[in-house]
Q: 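Take a look at the following structure, please.
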Amino acid sequence: MTHREPARGPEQRKRDVLRRLTEDKDAWVATASPDGVPCLVPLSFVWDRGTLLMSTRRGNPTAVNVTPAGQMRITLGHTRDVVLIEGTAEIVEGAALPADSGDAFFEALAWDPRGQPAWVYLRITPHTVRAWREVNEQPGRDLMLDGTWLV
């Protein structure tokens, strides 16, 4: 099988991932209920303090599925330029969110759920980050493991 572009090295992949985290606005977010029912939804996000900051209605499955373990998977990009993030989510009430985080969310997304009791923030701390484009980038796709960047 031939590839259109040579495989990127790990340093370039990390730069590309960080660019996507700071420039992209939307991601696919996957959770599962305690009994294993999957939920996949698109949510807008801001890269804030080394975490992904999102907001959803507190009664939506994505927020309800944030169990004490708080496991989530987030993907950025399309199938030929994937960033796959596994992380731990915590629910943050609007009043508990640091003002500069709320301001960054509003500035990036032109929306401010602070003060709206039906909405909560989700702060996802990545523990695994993988990035690849084609099959030639499958080896070495791990860029972060156990919360530590490998490059």
Q: Should Thr75 and Val83 count as side-chain neighbours, where that means a heavy-atom distance under 4.5 Å?
A: no

Q: Can you give me every donor-acceptor pair (side chain of residues 144-151, partner residue at least two apart or in another chain, under 3.5 Å) with its distance?
A:
none

Q: Got a sec, which residues hit side chain to side chain donor-acceptor pair (under 3.5 Å) with Arg73, two or more places apart in sequence or on another chain?
A: Glu86

Q: Looking at residues at least two apart in the chain, or sitting in another chain, which of them share a salt bridge (Lys or Arg N to Asp or Glu O under 4.0 Å) with Asp48?
A: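 Per chain and number, Asp48 pairs via salt bridge (Lys or Arg N to Asp or Glu O under 4.0 Å) with Arg123.
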
Q: Apply side chain to side chain contact (heavy atoms under 4.5 Å, CB included) to residues Met54 and Thr56 and explain how you reach the verdict.
A: CA-CA 7 Å; Met54 304 175 172; Thr56 189; over 6 Å; no

Q: Is the closest side-chain heavy-atom distance between Ile91 and Leu122 below 4.5 Å?
A: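 Yes, side chains in contact.
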
Q: Between atom CG of Leu53 and atom CH2 of Trp47, what is the distance when rounded to the nearest 0.5 Å?
A: 11.5 Å

Q: Is any side-chain heavy atom of Arg13 closer than 4.5 Å to a side-chain heavy atom of Glu137?
A: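 Yes; the side chains approach each other to less than 4.5 Å.
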
Q: Would you say Ile85 and Leu21 make side-chain contact, with heavy atoms under 4.5 Å?
A: yes

Q: Apply the hydrophobic cluster definition, ILVMFWY joined by side-chain contacts under 4.5 Å directly or through others, and give me every member besides Phe106.
A: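 Answer for Phe106: none, a lone residue.
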
Q: Give the C-alpha distance, both sets of side-chain angles, the deciding distance and a yes or no for side chain to side chain contact (heavy atoms under 4.5 Å, CB included) between Gln71 and Thr88.
A: CA-CA 5 Å; Gln71 296 178 349; Thr88 304; 5.6 Å; no

Q: Could you give all pairs that pass the side-chain hydrogen bond (donor to acceptor under 3.5 Å, both in side chains) test and reach residues 27-46, with sequence neighbours left out?
A: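 Sorted pair list: Asp26-Ser44, Thr31-Asn65, Ser33-Asp35.
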
Q: Looking at OG1 of Thr79 and CZ of Arg133, how far apart are the two atoms once the value is rounded to the nearest 0.5 Å?
A: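 Thr79 atom OG1 to Arg133 atom CZ measures 13.0 Å (nearest 0.5 Å).
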
Q: Would you please name every residue forming a salt bridge (Lys or Arg N to Asp or Glu O under 4.0 Å) with Glu93, sequence neighbours left out?
A: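 If we apply the salt bridge (Lys or Arg N to Asp or Glu O under 4.0 Å) test to Glu93, skipping adjacent residues, the hits are Arg58.
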
Q: Any side-chain heavy atom of Leu143 sitting closer than 4.5 Å to one from Val17?
A: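 A side-chain contact exists here, since the closest heavy-atom pair is under 4.5 Å.
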
Q: Give the cluster check for Ile124 versus Leu97: same hydrophobic cluster or not, with ILVMFWY residues linked at side-chain heavy-atom distances below 4.5 Å.
A: no

Q: What distance do Leu76 atom CG and Arg19 atom CZ have between them, rounded to the nearest 0.5 Å?
A: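 Separation between the atoms: 10.5 Å.
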
Q: Could you walk me through whether Val92 and Val120 pass the side chain to side chain contact (heavy atoms under 4.5 Å, CB included) check?
A: CA-CA 6 Å; Val92 181; Val120 292; over 6 Å; no

Q: Name all residues meeting the side chain to side chain donor-acceptor pair (under 3.5 Å) criterion together with Arg49; count only those two or more places apart in sequence or in a different chain, and write none if there are none.
A: Asp100, Ser101

Q: For the hydrophobic clusters of this structure (ILVMFWY residues joined by side-chain heavy atoms under 4.5 Å, transitively), does one cluster hold both Ile74 and Leu43?
A: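 Both belong to a single hydrophobic cluster.
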
Q: Start with the C-alpha distance between Thr62 and Met72, add both sets of side-chain angles, then the distance that settles side chain to side chain contact (heavy atoms under 4.5 Å, CB included), and finish with yes or no.
A: CA-CA 9 Å; Thr62 302; Met72 283 192 170; 3.8 Å; yes

Q: Which residues pass the side-chain contact (heavy atoms from CB on, under 4.5 Å) test with Gln12, sequence neighbours left out?
A: Arg8, Arg15, Asp16

Q: Do you know which two heavy atoms are closest between Pro6 and Asn136, and how far apart they sit?
A: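 Between these two residues, the closest heavy atoms are C-ND2, 3.7 Å.
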
Q: For residues 115-142, pull every pair meeting ring-ring contact (aromatic ring centres under 6.0 Å, His included), keeping only residues two or more places apart or in separate chains.
A: Phe105-Tyr121, Trp111-Trp119

Q: Just verifying a value: how many Å separate Arg20 CZ and Asp81 CG, rounded to the nearest 0.5 Å?
A: 5.0 Å

Q: Scan residues 111-120 for pairs that pass salt bridge (charged side-chain N to carboxylate O under 4.0 Å, His left out), counting only residues two or more places apart or in two chains.
A: Asp103-Arg114, Asp112-Arg114

Q: Where is the tightest heavy-atom contact between Pro61 and Cys39, given as atom of each residue plus distance?
A: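 Where Pro61 meets Cys39 most closely, the heavy atoms are CB-SG, 3.8 Å.
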
